[in-house]
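Presented below is the structure to which this report refers.
One is the number of the first residue; the rest follow in order along the sequence. All figures in this text were calculated on a predicted structure; none of them were measured in a lab.
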Amino acid sequence: MMTGSMIVPAVFFSIPLYQLLKILHVDQSLLGLILVEVCGAHVMFVLLFMKHYQNLPDALEESALMDGASPWQIYWKIMFPMARPVIGTVVITQTVWTWNAFLMPLILTLNNPELRTLSVAMYAFQGENIVDWGGMMAAGCIAVIPMLLLFVSFKNCFISGVEGAVKE
């Protein structure tokens, strides 16, 4: 069921999500934009964590139980630190997805141009009859630099997280 939900396009949820934000009175605010991007349920991340925890040997948990650790201690002191590569992968992927998001930031910032994200602001370079290619290319270069720095900084974490989640 979770994997099947991956085929539903995000556009499908844009109207109910906007209505929910309007009920909460955060539809034209930075808080609403942050909530939409951060609280998205990404099944891929759940599957990454699931596969990572399935690959961990049961002996780790069993030995911690024999030493008298509680389930919370087992998770917090043993399992959670071992998930650092997957956590890094999730953080990097979510950051890139949020940075590149277009549809919901466009919908939520239509009446409030000062809240526009970079990807939505780049859309302003395209007019009805003309496109400012120079401005769009400059903005594209500016948009790519933080993501390149993020990936270069955490590439080992990202690669080991993806690699560890698909090992058999």
Under 4.5 Å between side-chain heavy atoms, hopping through other hydrophobics if needed: is there a path connecting [X] to [Y]?
X      : Y      : answer
Val11  : Leu20  : yes
Val26  : Leu106 : no
Met137 : Val131 : yes
Phe125 : Trp133 : yes
Leu115 : Tyr123 : no

Which pair of heavy atoms, one from [X] and one from [Y], lies closest together, and at what distance?
X      : Y      : value
Gln28  : Leu108 : OE1-O, 3.1 Å
Met122 : Ala143 : SD-CB, 4.5 Å
Ser14  : Ile107 : CB-CD1, 4.0 Å
Ala64  : Ile74  : CB-CG1, 3.7 Å
Ser119 : Ala101 : OG-O, 2.6 Å

Is it the case that over 12 heavy atoms from other parts of the model lie below 6.0 angstrom from the [atom1] atom of [X]?
X      : atom1 : answer
Phe102 : CZ    : yes
Ile130 : CD1   : no
Leu149 : CG    : yes
Glu114 : CD    : yes

Could you check whether any side-chain N or O of [X] sits under 3.5 Å from a backbone N or O of [Y], counting only pairs where one atom can act as donor and the other as acceptor?
X     : Y      : answer
His52 : Arg84  : no
Trp99 : Leu118 : no
Thr93 : Val90  : no
Gln94 : Glu37  : yes

Worksheet item: Would you say Ile87 and Phe80 make side-chain contact, with heavy atoms under 4.5 Å?
Response: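 Result yes, sub-4.5 Å side-chain heavy-atom pair found.
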Fill in: Matching residue for Leu31 among Leu33, Asp27, Leu35 - test: side chain to side chain contact (heavy atoms under 4.5 Å, CB included)
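When side chain to side chain contact (heavy atoms under 4.5 Å, CB included) is applied between Leu31 and each of Leu33, Asp27, Leu35, only Leu35 qualifies.
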Practice prompt. With Val120 as reference, evaluate Thr109, Leu110, Leu103 under the side chain to side chain contact (heavy atoms under 4.5 Å, CB included) test and give the passing residue.
Written response: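 Between Val120 and the candidates, side chain to side chain contact (heavy atoms under 4.5 Å, CB included) is satisfied uniquely by Thr109.
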Spatial distance of atom [atom1] ([X]) from atom [atom2] ([Y]) [nearest 0.5 Å]:
X     : Y      : atom1 : atom2 : value
Leu21 : Met104 : CG    : CE    : 6.0 Å
Asn55 : Met50  : CG    : CE    : 10.0 Å
Met79 : Leu56  : CE    : CG    : 5.5 Å

Practice prompt. Name the orientation class of the two ring planes belonging to Trp97 and Phe45 (parallel below 30°, tilted from 30 to 60°, perpendicular beyond 60°).
Written response: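 If you compare the ring of Trp97 with that of Phe45, the planes turn out parallel.
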Worksheet entry | Trp72 and Trp76 aromatic ring geometry - parallel, tilted or perpendicular at 30°/60° bounds |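 Rings of Trp76 and Trp72: parallel, as their planes differ by under 30°.
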Worksheet item: What do the steps show when you test Val86 against Tyr53 for side-chain contact (heavy atoms from CB on, under 4.5 Å), and what is the final call?
Response: CA-CA 10 Å; Val86 177; Tyr53 286 125; over 6 Å; no
